[in-house]
Protein chains: 2
Amino acid sequence: MSKKNVIVGQSGGPTSVINSSLYGVVTGFLGSEKIDKIYGMVNGIEGFLAGKTTVLSDLSKDELEILQTTPASYLKSCRFKLPEDLNDPVYPTLLKKFEEMNIGYFFYIGGNDSMDTVSKLSRYGEKAGTDIIFMGVPKTIDNDLIVTDHTPGYGSAAKYVATTVRECALDAGVYAAPCVTVVEIMGRHAGWLTAASVLARKFEGDAPHLIYLPETAFDMDQCLADVKKCLEKTSNVVVCISEGIADKDGKFICEYAGADGAVDSFGHKKLTGSGKYLSEVINEKLGVKVRSLEFGIIQRCGASLASATDIEEAAMAGSVAAKAALEGKTGMMVAFIREPGEEYKITYQLTDVNEVCNKEKPFPAEWITDNGTNIGEGYVKYALPLIQGASPVKLVNGLPAFLDLATTLK
Amino acid sequence: MSKKNVIVGQSGGPTSVINSSLYGVVTGFLGSEKIDKIYGMVNGIEGFLAGKTTVLSDLSKDELEILQTTPASYLKSCRFKLPEDLNDPVYPTLLKKFEEMNIGYFFYIGGNDSMDTVSKLSRYGEKAGTDIIFMGVPKTIDNDLIVTDHTPGYGSAAKYVATTVRECALDAGVYAAPCVTVVEIMGRHAGWLTAASVLARKFEGDAPHLIYLPETAFDMDQCLADVKKCLEKTSNVVVCISEGIADKDGKFICEYAGADGAVDSFGHKKLTGSGKYLSEVINEKLGVKVRSLEFGIIQRCGASLASATDIEEAAMAGSVAAKAALEGKTGMMVAFIREPGEEYKITYQLTDVNEVCNKEKPFPAEWITDNGTNIGEGYVKYALPLIQGASPVKLVNGLPAFLDLATTLK
């Protein structure tokens with residue numbers, strides 16, 4: 001049997017552990033007799049079409065170790081949606097390129113849209129009768145993929161959110177004068193990441209005092225009443241909101257501020273400023289000092305706060321997918337299945353990528369409590385295991401050692 | 001000899017290690033035969049005048065250990081300037097309260113304005129013939145106190161800035177399309193903290209590409225030309241600016257955006273939005289995608305990224321001051337003196353607090369290079385020792401264990 005090459009890409013928004021999955025894929029293949037080279041697509045499918053690749057199997061053992069705790073996509077990323085029509089000429093173009101590079105295994109690490117890419121390629125591949133294996137490895141801080149208990153990247157982002165909300169709440173409370181802190185957390189449609197702010201709460205009445213997810217219709221007057229009520233009990237009120245909170249008609253709160261209605265290349269409405277807008281309203285209507293915080297991209301790349309559990313699971317997702325591919329499985333994504341029982345235990349299961357892509361897992365309604373202003377114990381029990389353990393990131397001269405394609409590209 | 005009590009306060013903006021200094025003061029006094037109780041003022045002098053105190057000598061050994069790595073001011077804070085006129089009735093009021101509480105030692109942990117408080121109280125105390133000892137322990141992320149080589153709090157904030165700029169630069173560079181990231185870093189008049197962003201740069205041409213401090217007059221047209229030039233070499237340009245950058249006439253860049261000219265109770269001009277404004281201009285004039293990031297309060301309370309060196313030095317500052325007070329020294333502040341030679345070594349020296357307060361140490365002009373767009377090697381050599389070592393913060397259930405006055409107040 002002649003040896004085949006592997007090609008791996010990363011797509012969509014980066015996370016703190018997407019490179020841990022890349023590490024898992026590479027180490028999962030390394031040493032197999034079926035494999036020759038492991039290529040990386042630079043800038044995903046889009047960069048691959050433009051001829052941008054690198055050779056991952058050339059990385060040293062030390063470099064691979066550093067890769068495991070490096071945030072953001074080492075192979076860069078893209079937001080490129082393959083056409084719905086499998087008769088589009090891009091498909092035979094891609095297949096020809098794969099064949100020219102003697103690719104036997106195509107891996108794509110990403111979220112919903114990336115799984116859509118794997119689905120389309122595997123469906124086209126079947127139609128075209130290729131032997132190439134197509135595999136998806138999940139990642140998204142949004143935690144909104146179905147089938148899997150959670151997604152790699154979520155635990156670290158959740159740990160960042162919980163830790164930083166706690167730190168900011170302590171800081172915001174140092175002055176005696178009443179103050180409201182509004183924290184805007186990533187999440188267009190699903191409130192998973194914003195929900196993690198509840199983990200910062202250490203006793204009844206502790207911050208965060210109000211948590212609003214996109215799953216509940218946001219009512220400005222009710223929110224003002226909620227904040228006012230909190231101010232009667234504490235002078236340091238912390239409000240955590242998802243960027244995508246919307247009113248009962250589905251109008252985003254940031255749209256009230258007159259956002260321009262821009263959309264990204266996937267047609268998602270581009271959001272900014274729900275937190276800033278809410279801060280202005282609270283200040284105007286309640287006459288209280290308001291501080292507005294946006295965690296921005298730091299919540300997904302703040303690798304110093306990555307969860308060790310997340311790093312390990314992300315690597316396992318990559319290596320399990322590699323092993324399965326070597327056994328001939330194709331058109332699959334690795335899903336995390338949580339075993340029943342008190343002790344936290346995950347098994348890794350392959351699931352049909354077509355079943356996963358283009359679907360969203362909403363935050364469970366039963367975990368949203370107190371009329372849409374709080375998160376219940378069910379979520380806390382679910383989320384706590386995901387944020388355990390400090391990142392083993394290595395410090396060099398006081399700063400984390402990260403692997404950068406700019407210096408490793410040969 | 002009858003035993004005396006100690007009272008300690010914290011004032012001004014919190015830092016990641018101001019509680020390490022509090023730990024140092026408390027442990028420096030604990031066990032001394034001259035001392036009975038150690039009180040904390042809650043909300044500084046302002047809270048003390050309102051009768052708000054706590055008993056720090058009641059904290060357990062475990063609680064004191066946790067205090068050492070807890071960010072923000074455990075004793076809360078205030079922005080309260082004592083009157084210039086030492087004949088003001090607030091002085092005898094304070095003295096009477098001190099005497100009622102059998103205070104022999106008054107400690108204030110803070111920055112410039114807090115040292116002003118210590119200066120005034122010690123001058124009034126001398127005039128009034130009191131035996132009470134008045135001591136200052138420095139803290140400020142701004143690093144702008146004179147005499148001392150650096151201030152506790154600066155190393156941790158610098159480590160946060162360097163680490164996070166590095167993480168964000170990796171994240172910002174994942175897409176192929178040209179993009180400019182503008183990072184706004186704290187610093188009204190002194191660029192010390194913004195300068196720390198240079199530590200993130202790992203090779204020539206690496207981010208950050210442009211660094212603007214308040215010490216150099218900011219010229220918008222020149223900045224646009226600088227950014228344009230960078231975009232010719234890389235598609236991922238990172239620009240770090242101090243919040244207080246101003247033009248040659250001293251007009252803050254944020255004022256161009258029509259800020260309201262508000263001032264805080266110390267008369268400092270209140271700044272927001274230099275980064276946001278610069279982002280808008282770059283986007284408008286150069287037609288490139290721009291992302292605006294503000295580290296906000298997280299850069300001073302992000303204790304997970306505190307520097308172990310800073311934590312240790314902050315504690316030493318507190319305990320050295322306590323020991324000196326027990327020896328009868330008064331009206332002093334602890335300063336850090338860097339020993340000459342290649343190896344980094346600090347000695348702790350007492351300096352007249354009147355010499356320190358109300359003065360600012362600007363960032364050295366010779367460390368600003370490339371026409372005010374870069375920071376030189378001299379600074380890197382100065383700053384690297386200050387960011388060494390990871391915080392020994394203890395994780396409990398995945399999150400840092402912090403001491404919170406709300407749960408320890410008895």
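A, B, ... follow the sequence lines: proteins, then strands. Residue 1 opens every chain. Heavy atoms only: backbone and side chains are in, while hydrogens, waters and symmetry mates are out.
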Name the region of [X], side chain, backbone, both or neither, that has any atom closer than 4.5 Å to a heavy atom of chain A.
X      : value
B:T163 : both
B:L199 : both
B:I297 : both
B:Y74  : neither
B:T70  : side chain

What's the spacing between B:I298 CD1 and A:E294 CD if we round to 0.5 Å? 10.5 Å
From A:T407 OG1 over to B:D206 CG, what is the distance, rounded to the nearest 0.5 angstrom?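 The CG atom of B:D206 is 8.0 Å from OG1 of A:T407, to the nearest 0.5 Å.
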For chain B, which of [options] has the most heavy-atom pairs under 4.5 Å?
options                : value
A:N397, A:L384, A:D404 : A:N397
A:L293, A:I387, A:L75  : A:I387
A:K202, A:K52, A:R291  : A:R291
A:G296, A:S307, A:G173 : A:G173

Search all heavy atoms of [X] against all heavy atoms of [Y] and return the closest pair with its distance.
X      : Y      : answer
A:G389 : B:L395 : C-CD1, 4.2 Å
B:R166 : A:P400 : NE-O, 4.2 Å
A:S77  : B:Y175 : OG-CE2, 3.7 Å

Sorted by number, residues from residues 42-49 of chain B in contact with chain A (heavy atoms, under 4.5 Å):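 B:N43 fall under the 4.5 Å cut-off.
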Side chain from CB out, backbone as N, CA, C, O: work out which of these in A:F203 comes under 4.5 Å of a heavy atom of chain B, or both, or neither.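 Side chain only.
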Side chain, backbone, both or neither: which part of A:L305 has an atom under 4.5 Å from a heavy atom of chain B?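 It is the side chain, since no backbone atom gets that close.
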Please name the residue in the list A:V174, A:T164, A:D171, A:L170 that meets the side-chain contact (heavy atoms from CB on, under 4.5 Å) test with B:C301.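 Only match with B:C301 under side-chain contact (heavy atoms from CB on, under 4.5 Å): A:D171.
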What option among B:S304, B:G302, B:A162 has the most heavy-atom pairs under 4.5 Å with chain A? B:S304
If we define contacts as heavy-atom pairs under 4.5 Å, which of B:C168, B:S73, B:S292 has the most with chain A? B:C168
N/O donor-acceptor pair under 3.5 Å between B:K159 side chain and A:G398 backbone: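 Such a contact is found between B:K159 side chain and A:G398 backbone.
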Can you tell me if A:E167 uses its side chain to pair, donor with acceptor, with the backbone of B:A303 under 3.5 Å? yes
